[in-house]
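Everything below concerns the one structure shown next.
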Amino acid sequence: MQVDPQEYYVPSESYFPIVASVSLFCLAFGSASILTAAENSGDMGMILLFAGFLSLIFVVISWFSKVAAESRDGLYSAQMDRSFRWGMGWFISSELMFFAAFFGALFYIRVLAVPWLAGEGEKGVSHMLWEGFVNQWPLMTTPDPSLFKGPDQIVDPWHIPLLNTILLLASSITLTFSHKALKLNNRNWTAIWLALTVVLGATFMYYQVVEYHEAYTELGLTLASGVYGSTFFILTGFHGFHVTLGTLMLICILVRVLEGEFTGEKHFAFEAVAWYWHFVDVIWVGLFVFVYIL
Amino acid sequence: MTMKSTFREKGGLDLLKVGIFSIPFLFVTSASADWQLNMREGVTEISRSVYSLHMTIFWICVAIAIVVFGVMLWSVIHHRKSRGAKAQNFHENVYVEIAWTVIPILILVAMAIPATSTLKKMYDSTESDLDIQVTGYQWKWRYQYLEEGVDFFSSLATPAEQISGEAEKTENYLLEVDNPLVIPVGKKIRFLITANDVIHSWWVPDFAVKKDAIPGFINESWAIAETTGIYRGQCAELCGKDHGFMPIVVEVKTQEDYAAWIQDQKQQQIEKAKSAEKRWTLAELMVTGKEVYSKSCAACHQESGEGLPGAFPALKGSAIVQGDPSGHINIVLDGKPGTAMQAFRDQLSATELAAVITYERNAWGDSVGDIISPSEIAKLKQ
Amino acid sequence: MTTGTEQMIDKALVTPQTEHHHGPAKGFSRWLYTTNHKDIGSMYLWFSLAMFMTGGCMALLVRLELFQPGLQFLQPDFFNQMTTMHGLIMVFGAVMPAFVGLANWMLPLMIGAPDMALPRLNNWSFWILPFAFSMMLMTLFMDGGGPNFGWTFYAPLSTTYAPPSVTYFIFAVHMMGISSIMGAINVIVTILNMRPKGMTMMKLPLFVWTWLITAFLLILVMPVLAGVVTMMLMDIHFETSFFNAAGGGDPVLFQHVFWFFGHPEVYIMILPAFGIISEIIPTFARKRLFGYSSMVYATSSIAFLSFIVWAHHMFTVGMPLMGELFFMYATMLIAVPTGVKVFNWVATMFRGSMTFETPMLFAIAFVVLFSIGGFSGLMLAIAPADFQYHDTYFVVAHFHYVLVPGSVFSIMAGVYYWLPKWTGNYYNEKMGQLHFWLSFIGINVTFFPMHFVGLAGMPRRIPDYALQFADFNQISSLGALLFGCAQLLFIYNIVACIRNKNQATDKVWEGSNGLEWTVPSPAPYHTFTKPPKID
Ligand code: HEA
Ligand code: HEA
Ligand code: CUA
Ligand SMILES: [Cu+2]
């Protein structure tokens, strides 16, 4: 490292933050006006949404490539490297809490709300309002089927979900291999294992889409089919969203590897993405157990 | 700077004393059991034990406050630079630190014991003599006597003129309803509290009963009123626009009066049903309709029928109102699920429903001209 | 600090400036593009002041309507919007950003770091806020009006029965969440990773400690808030039924998730305040803080407990008895560590050599008035009694005592305390003390009577009330006006302090010590570019 390690790199002015904020605003405002479909703001919303989205993509890319460049110019001391690690670590733990909120909702509903509505437990009197409603999970008939028709069937955990579990677990392993290879400065294998990881991730997403399609077309399992559908789709959907992000990040890393970036010692971006990917993987295991099997 | 401040702080300090002394003083005044200042003792065993809990904790806090603030004030007065106080340099002492961790814990335990037993009592709603289902609606209460089958709505009786200030405000301003809840004295009443739309909260301070009314769930609570009389409360959970205008009035009657009242209620229901058979003229319906409208509809759709843009749709010139009666009748009887438009099927008698629908169709200039007859609604209500 | 350190610092300041160590850029772009913790800190603070005024004026509208019984000025629905917006803006727009601003300014100076750990991210955290809040304020002008369901936005009032603008509100909350999380990450990383050699954890000033713990709270609960608004969004637009019993959901689920965020949130608004007070009292008592380590442990235990008490906001929703008892006991426990802090502050003043400049006056008032708020909090914690207190003005009194003379006073104390370091000038002490006394009186006149109307049975969030509450409400409204106007002095004093020169010494206060007082006043644009030596 060129700079004397005493010195902590403080970047000079940067337009990324402000642009990012503006795009975030457009993104949010656009989506909101589309959802509320406020008169004639519909198409205006679309424009905002896309403008925001594109500029956000643009900022993210240029921001990260700036960081990469700075790192290449050896501006980062070991301390700066630690800052990034801590940062990524805490970011992931916040993500963990995001999922925790949804898992919490699932448990509350299964363990407390549904039994109460069905006349069990301390608040069983509530059953007065829902004659004939029985406690079961998966919740095939909702308290008021006229408003929320329960699912006809649920996803069989031992087909696509099991396959997806295997895919993701495998992808974690391939990613670890790739990392090992990188540590040994074996670039070809790094790239190969990494590419394989991307493929596995993409396949996972593909099957997730297939599963959703089946759920909607054949199983009658939708967002609207009562609280089972609600919890099922918010948890799997939110996770799917993270897998998509993860896959994109993996692709970026792959590109950078192919461009000959990263060294055996210095490859934080790679590690950060790896952490993220393993995190998404762990969440999935939780999903597989609590959403699909139990 | 600090030099300057040394002779400045004096003035500041005397004021500081006044300020700090005034606090516990104010606290004490709040305790002088003037109901205007303090919690009401109420008329049930529970409410009294809650009151005494409240006072105990309050005095404990006052005591602690006096000690803590006292010590602080003392050093503020004596240990200041202007008095030539030299700073000592002790900065920890395990023993005192343990002491002021343990003592508060003991105090808290002392508070927790009575609190626990009171709470246990409050939660034991078994062996009730009378079950009443209380349902919160935007913005009125419904009371169903599950045994007798008596069932009525209770909404604000204070005239709009008093609220807008056009008329003198009377004693029970905002705490008066058209049909109060009536219960017998000395009997254990079990309230099954729920809601129809959003969350409300049924609160009668004199019974120390406050339970949220959760749509789709039922909360239990109970009370044994020991003295007859009229007890007033309010909805205690933000439930939208008129949250401030859905009071609760409970009339505690002697056994006999209560029995008589129940009879009377049953009688009235029969008459209501009868009135549907009678033939009604447009004029008559319009008169009744206007009353019902102002009571049940105007809160959202406004007297003018123009609604509130974005929040509540206008009826004046609306497709449904102009359109063929069945659509109009449907939405009034069964409401529009997932919106603030509630089902009035059980809220209003056949006559009232017919009247208000007729009124809506013929008021505000856009007169469709047709009459909805009570008898036909009565059929639909079966 | 040894003189050695001073030399180090002087050296640091004269070291040949490398590319990124030039002074502030010219013009407005400085504020848009800056990566400097001092600039960003100042922006946070100005933003928070603006929000404080906005939210305060809304509060004044509320007080105006409540000045006498009957509906005079605000229609009920607009009144609810004002109450809601007031709460949201004060919590998320005034108090939180103010503390982040102070953190940005002071953390690097206090631990001897050149800047925050991730400067660009830092600037982003700030710039999200103005956009988030303009979006939230815009809702007031959309048809159906803005959020009118209380700052706690309970479902289904905030979902099925909400005005259309709720969607914008939801996204605004998402944006604030992003901002807070990134801000918190920055704080944690800065504290854990940017300390120079010798600055061990147990040497950290308490403001740093309390902020570290606050940042952990933020990271753990902000995502949960995001989660709950996301579920709202789904219920509103995508036919899910999380909060709808008809589909098997439960409106109370919303409250559990919200308060799991909400209660730690209120401690997020007080822990940094504890930190500030723990800095100021020793300075003006000219005596080392009593029980430093117990302060650290107390703060940590408060933070821990704050995760297992959330349902004390829900005593009346009809939880099973066991839950009710558990949350009652856990809540009561919080009085213990908080007490330890109060006692430590008193013990610090005891046998000190005190002077009473404005920051100290605010700090002393904080100790007293916060404790009073704490006592009423403890009363609320007693579940059976809470059945009478809940959703009355007694609660409103409680949380204004902990928030206004608590959080807000601590912020003002901090501003007066550090202003000379920021601007290089002393503020006008006389005016500062006047501001204090007017605020002190205003606050008590406004909020003390609320205890009485609350106990007498006045529910909160109502635009009109029964006649027996009239007198006290009138007093409250007048007090509010007094307190509000008093803030004009504050604003004037700050501006004046920036404008006219009254050169402050580097040490600023006779009794002050700590790294931040070793750099010149005003603090140069870049400080501690070389880590200071600490013994
Ligand atoms: C800065 C914010 C802040 C702080 C610090 C606190 C602190 C506390 N709060 Fe408060 N609270 C709020 C902000 C805050 N609160 C808000 C905003 C609401 C309303 C939300 C809404 O509904 O809109 C609320 C509501 C609220 C409720 C719900 C009331 C209801 O809706 O029915 C309860 C109930 O338990 C409660 C309890 C407490 C307790 C026990 C503390 C404790 O931390 C207090 C501890 C301090 C002391 C006790 C004083 C000092 C201690 C000593 C001197 C030691 C000796 C003392 C004893 C042993 C007694 N608070
Ligand atoms: C940190 C948070 C914070 C702060 C600082 C305040 C400050 C104030 N609050 Fe607030 N309040 C809340 C948090 C806060 N509040 C919350 C969370 C709620 C619950 C909301 C809900 O129920 O959902 C609430 C609710 C609430 C209510 C209950 C409303 C209701 O239930 O319907 C009331 C009523 O009096 C009130 C009053 C005030 C007043 C008078 C101030 C004053 O201290 C404000 C003083 C400030 C100013 C006046 C502005 C600054 C000065 C100027 C701009 C100069 C110009 C001034 C003039 C022109 C006079 N607040
Ligand atoms: Cu009903 Cu408030
Ligand atoms: Cu709380």
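Heavy atoms only: backbone and side chains are in, while hydrogens, waters and symmetry mates are out. Within every chain, numbering begins at 1; the chains are lettered A, B, ... in the order of the sequence lines, protein sequences first and strands thereafter. Just so it is clear, the model here is predicted, and its values are computed rather than measured.
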In terms of heavy-atom pairs under 4.5 Å, which option from G244(B), P205(B), G233(B) contacts chain C the most? P205(B)
Which bit of D250(C) comes within less than 4.5 Å of chain B, counting heavy atoms only: side chain, backbone, both or neither? both
Can you confirm if the NZ or CZ of K81(B) lies within 45° of the ring axis of F356(C) and under 6.0 Å from the centre of its six-membered ring? no
Is N219(B) reaching over with its side chain to a backbone N or O of V317(C), donor-acceptor style, under 3.5 angstrom? yes
Any F217(B) side-chain heavy atom under 4.5 Å of P251(C) side chain: yes
Hey, can you tell me if H79(B) and F350(C) have their rings parallel, tilted or perpendicular (30° and 60° cut-offs)? perpendicular
Does the pair F375(C) and I60(B) meet the rule for a side chain to side chain contact (heavy atoms under 4.5 Å, CB included), with working shown? CA-CA 10 Å; F375(C) 289 133; I60(B) 293 177; over 6 Å; no
Flag the pair Y329(C) / T116(B) as yes when at least one side-chain heavy-atom distance between them is below 4.5 Å, and no otherwise. yes
When you compare the side chain of L157(C) with that of Q138(B), does any pair of heavy atoms fall below 4.5 Å? yes
Tell me, for E97(B) versus chain C, whether the close heavy atoms (under 4.5 Å) come from the side chain, the backbone, both or neither. side chain
When you compare the side chains of E324(C) and Y123(B), does any donor N or O come within less than 3.5 Å of an acceptor on the partner? yes
Looking only at non-hydrogen atoms, find the nearest pair between E92(B) and S293(C) and report the distance. OE1-OG, 4.2 Å
Is there a side-chain contact between W100(B) and V342(C) in this structure, where contact means two heavy atoms from C-beta onward sitting under 4.5 Å apart? no
Side chains of L455(C) and H54(B) in contact at under 4.5 Å (non-hydrogen atoms): yes
Non-hydrogen atoms of chain C under 4.5 Å away: do they reach the side chain of F90(B), the backbone, both or neither? both
L71(C) to F245(B) - nearest heavy-atom pair and separation: CD1-CZ, 4.1 Å
Option in M360(C), K287(C), M142(C), M314(C) with maximal non-hydrogen atom pairs under 4.5 Å from chain B: K287(C)
If you tally heavy-atom pairs under 4.5 Å between each of N80(C), T348(C), L289(C), N148(C) and chain B, the highest tally belongs to N80(C)
Less than 4.5 Å to any heavy atom of chain C: does that hold for the side chain of K169(B), its backbone, both, or neither? both
Chain B heavy atoms under 4.5 Å from A298(C): which part of the residue, side chain, backbone, both or neither? neither
Most contacts with chain C, counted as non-hydrogen pairs under 4.5 angstrom, among V68(B), I107(B), L108(B): L108(B)
State, with a plain yes or no, whether a side-chain heavy atom of D77(C) is found less than 4.5 Å away from one of L308(B). no
Of the listed G291(C), G249(C), P163(C), A385(C), the one with the largest count of heavy-atom pairs under 4.5 Å with chain B is G291(C)
Heavy atoms of other groups near E166(B) CD, more than 12 under 6.0 Å: yes
Does any backbone or side-chain atom of V96(B) lie under 4.5 Å from a heavy atom of chain C? Answer side chain, backbone, both or neither. side chain
With a 4.5 angstrom heavy-atom cut-off, which part of N172(B) approaches chain C: side chain, backbone, both or neither? neither
Which distance, rounded to the nearest 0.5 Å, do you find between the CZ of R460(C) and the CD of E237(B)? 8.0 Å
So which of Y389(C), F78(C), Y465(C) has the biggest tally of heavy-atom pairs under 4.5 Å with chain B? Y389(C)
Between L238(B) and chain C, which part of the residue has a heavy atom less than 4.5 Å away: side chain, backbone, both or neither? both
Do you know which of P104(B), A112(B), G165(B), C235(B) has the most heavy-atom pairs with chain C at a distance under 4.5 angstrom? A112(B)
Between S371(C) and F69(B), which heavy-atom pair has the shortest distance, and what is it? CB-CZ, 3.7 Å
Checking T158(B) against chain C: side chain, backbone, both or neither under 4.5 Å from a heavy atom? neither
Using heavy-atom distances under 4.5 Å, tell me whether P164(C) contacts chain B through its side chain, its backbone, both, or neither. side chain
I need the residue from S221(B), P247(B), G240(B) with the largest number of non-hydrogen atom pairs under 4.5 Å to chain C. G240(B)
Search all heavy atoms of L378(C) against all heavy atoms of C61(B) and return the closest pair with its distance. CD2-SG, 4.3 Å
Chain C heavy atoms under 4.5 Å from I105(B): which part of the residue, side chain, backbone, both or neither? both
What is the minimum heavy-atom distance between G457(C) and R40(B), and which atoms define it? CA-NH2, 4.4 Å
Step by step, work out the side chain to side chain contact (heavy atoms under 4.5 Å, CB included) result for W203(B) and T392(C). CA-CA 11 Å; W203(B) 181 31; T392(C) 67; 3.4 Å; yes
Taking atom CD of E168(B) as the centre, report whether more than 12 heavy atoms of other residues, nucleotides or ligands fall under 6.0 Å from it. no
Is it true that a side-chain atom of S75(B) and a backbone atom of R351(C) form a donor plus acceptor pair closer than 3.5 Å? no
Heavy-atom proximity to chain B below 4.5 Å, by part of A381(C): neither
Between L175(B) and A466(C), the two heavy atoms sitting closest are CD1-CB, 3.6 Å
Proximity breakdown for Q255(C) and chain B, heavy-atom pairs closer than 4.5 Å: side chain
Under a 4.5 Å cutoff for heavy-atom pairs, which residue among V340(C), V346(C), L321(C) has the most contacts with chain B? L321(C)
Give, as side chain, backbone, both or neither, the part of E220(B) having an atom under 4.5 angstrom from any heavy atom of chain C. neither
Interface moiety of D464(C) toward chain B, non-hydrogen atoms closer than 4.5 Å: both
Can you tell if the side chain of Y297(C) reaches within under 4.5 Å of the side chain of T101(B), non-hydrogen atoms only? no
Side chain proximity check, L37(B) to F472(C), heavy atoms < 4.5 angstrom: yes
Side chain, backbone, both or neither: which part of Y154(C) has an atom under 4.5 Å from a heavy atom of chain B? side chain
Side chain, backbone, both or neither: which part of P320(C) has an atom under 4.5 Å from a heavy atom of chain B? backbone
Who are the ring-ring contact (aromatic ring centres under 6.0 Å, His included) partners of W345(C), not counting sequence neighbours? F274(C), F366(C)
Output a table of donor-acceptor pairs, distance under 3.5 Å, between side-chain atoms of residues 207-216 of chain B and any protein atom two or more places apart or on a different chain; print 'none' if there are none.
{"residue": "K210(B)", "atom": "NZ", "partner": "F387(C)", "partner atom": "O", "Å": "2.9"}
{"residue": "K210(B)", "atom": "NZ", "partner": "Q388(C)", "partner atom": "O", "Å": "3.2"}
{"residue": "K210(B)", "atom": "NZ", "partner": "H390(C)", "partner atom": "O", "Å": "2.5"}
{"residue": "D212(B)", "atom": "OD1", "partner": "S201(B)", "partner atom": "OG", "Å": "2.9"}
{"residue": "D212(B)", "atom": "OD1", "partner": "T316(C)", "partner atom": "OG1", "Å": "2.9"}
{"residue": "D212(B)", "atom": "OD2", "partner": "T316(C)", "partner atom": "OG1", "Å": "3.4"}

Enclosure of K86(B) NZ (heavy-atom neighbours >12, cutoff 6.0 Å): no
Counting heavy-atom pairs under 4.5 Å to chain B, which of P76(C), P384(C), P449(C), G318(C) comes out on top? P384(C)
Taking everything shown except E176(B) itself, do over 12 heavy atoms lie less than 6.0 Å from its CD? yes
Does D124(B), at its CG atom, have more than 12 non-hydrogen atoms belonging to other residues, nucleotides or ligands within less than 6.0 Å? yes
